[in-house]
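In what follows, a single structure is set out as structure tokens and then discussed.
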Amino acid sequence: MSLSPSSRLARVLAIAVPALLLGGAYVSQYGFGLYPCEMCWWQRWPHFAAVGLALLAFLAPPQRFWTGLAAIAILVSGGIGLFHAGVEYGWWEGITSCAATVTSGGGSALDDIMNAPLTRCDEPAWTLFGISLAGYNFLISTAAGIAILALLAKDRRV
């Protein structure tokens, strides 16, 4: 069974949005030194899942099911982004405040741990127009997840 144009667009969005958001996160981390805090990592995991589920939508039936699951994973990341943004803006207390990112520098493990950058979850590392990266993740992921589900639902109404 071939997919409708709206389901095909949903499937493309389901892989493109989390892949681009993850790509942006890694560029900001390795290109600009914006190391992720613990809650930043929490936002990345559902995007990894969404990419995997969207890949399944390209490889195995039922494509609409895998695309829908990817959309839900994207929405989960958006929800975590909302929580994280709320912590950054002081709307509520976070579960954790800091995380150390340990990378292997080729030296001893103790030196890597001691020299790891400490990244606070309650302070935005970067903002644009007063919106943090977590806030942008919330906005983009929520809009994309809703759009994907709406595109999939469009087929049900036809």
Side-chain angles (χ1 to χ4, degrees), residues 1-99 101 119-158:
M1 180 172 110
S2 84
L3 292 175
S4 71
S6 62
S7 289
R8 283 195 302 273
L9 177 58
R11 187 173 62 172
V12 168
L13 286 174
I15 196 163
V17 170
L20 289 171
L21 288 172
L22 285 168
Y26 281 107
V27 166
S28 70
Q29 178 179 343
Y30 293 109
F32 299 104
L34 298 175
Y35 293 99
C37 69
E38 187 173 350
M39 283 195 272
C40 293
W41 275 106
W42 296 351
Q43 294 169 75
R44 290 183 189 188
W45 293 116
H47 284 309
F48 288 127
V51 168
L53 292 164
L55 281 172
L56 280 173
F58 280 93
L59 300 173
Q63 288 93 358
R64 289 172 39 84
F65 174 74
W66 299 121
T67 304
L69 286 180
I72 291 168
I74 293 167
L75 285 170
V76 167
S77 180
I80 297 168
L82 174 63
F83 177 74
H84 187 186
V87 170
E88 290 174 335
Y89 297 130
W91 297 341
W92 46 73
E93 288 291 318
I95 297 169
T96 183
S97 61
C98 301
T101 305
T119 307
R120 295 185 56 90
C121 291
D122 58 353
E123 294 176 6
W126 180 87
T127 62
L128 179 65
F129 307 119
I131 302 173
S132 69
L133 290 171
Y136 279 110
N137 180 51
F138 161 68
L139 294 171
I140 295 167
S141 294
T142 302
I146 291 170
I148 293 164
L149 292 175
L151 286 166
L152 292 174
K154 185 176 179 183
D155 284 346
R156 293 282 184 197
R157 289 181 268 163
V158 174

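Hydrogens, waters and symmetry mates are skipped; everything else that's a heavy atom, side chains included, is used. For clarity, every value in this text was computed on a predicted model and none was experimentally measured.
A side-chain donor-acceptor contact under 3.5 Å links Arg8 to the backbone of Leu3. Under a 3.5 Å cut-off, the side chain of Arg64 and the backbone N or O of Leu152 do form a donor-acceptor pair.
In this structure the side chain of Pro36 reaches within 4.5 angstrom of the side chain of Arg44, judged on heavy atoms.
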With a 3.5 Å cut-off and sequence neighbours excluded, list the donor-acceptor pairs that the side chains of residues 78-86 form with protein atoms.
from  : atom 1 : to     : atom 2 : distance (Å)
His84 : ND1    : Gln43  : NE2    : 2.8
His84 : NE2    : Glu88  : OE2    : 3.3
His84 : NE2    : Cys121 : O      : 3.1

Can you give me every donor-acceptor pair (side chain of residues 46-61, partner residue at least two apart or in another chain, under 3.5 Å) with its distance?
from  : atom 1 : to     : atom 2 : distance (Å)
His47 : NE2    : Ser77  : OG     : 2.9
His47 : NE2    : Asn137 : OD1    : 3.0
His47 : NE2    : Ser141 : OG     : 3.3

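Considering all non-hydrogen atoms of both residues, Ile74 and Pro18 come closest at CD1-CD, 3.7 Å.
Note that CG of Leu75 and CG of Leu149 are 6.0 Å apart. Values are rounded to the nearest 0.5 Å. Between the OG atom of Ser28 and the OH atom of Tyr35 there is a distance of 10.5 Å, given to the nearest 0.5 Å.
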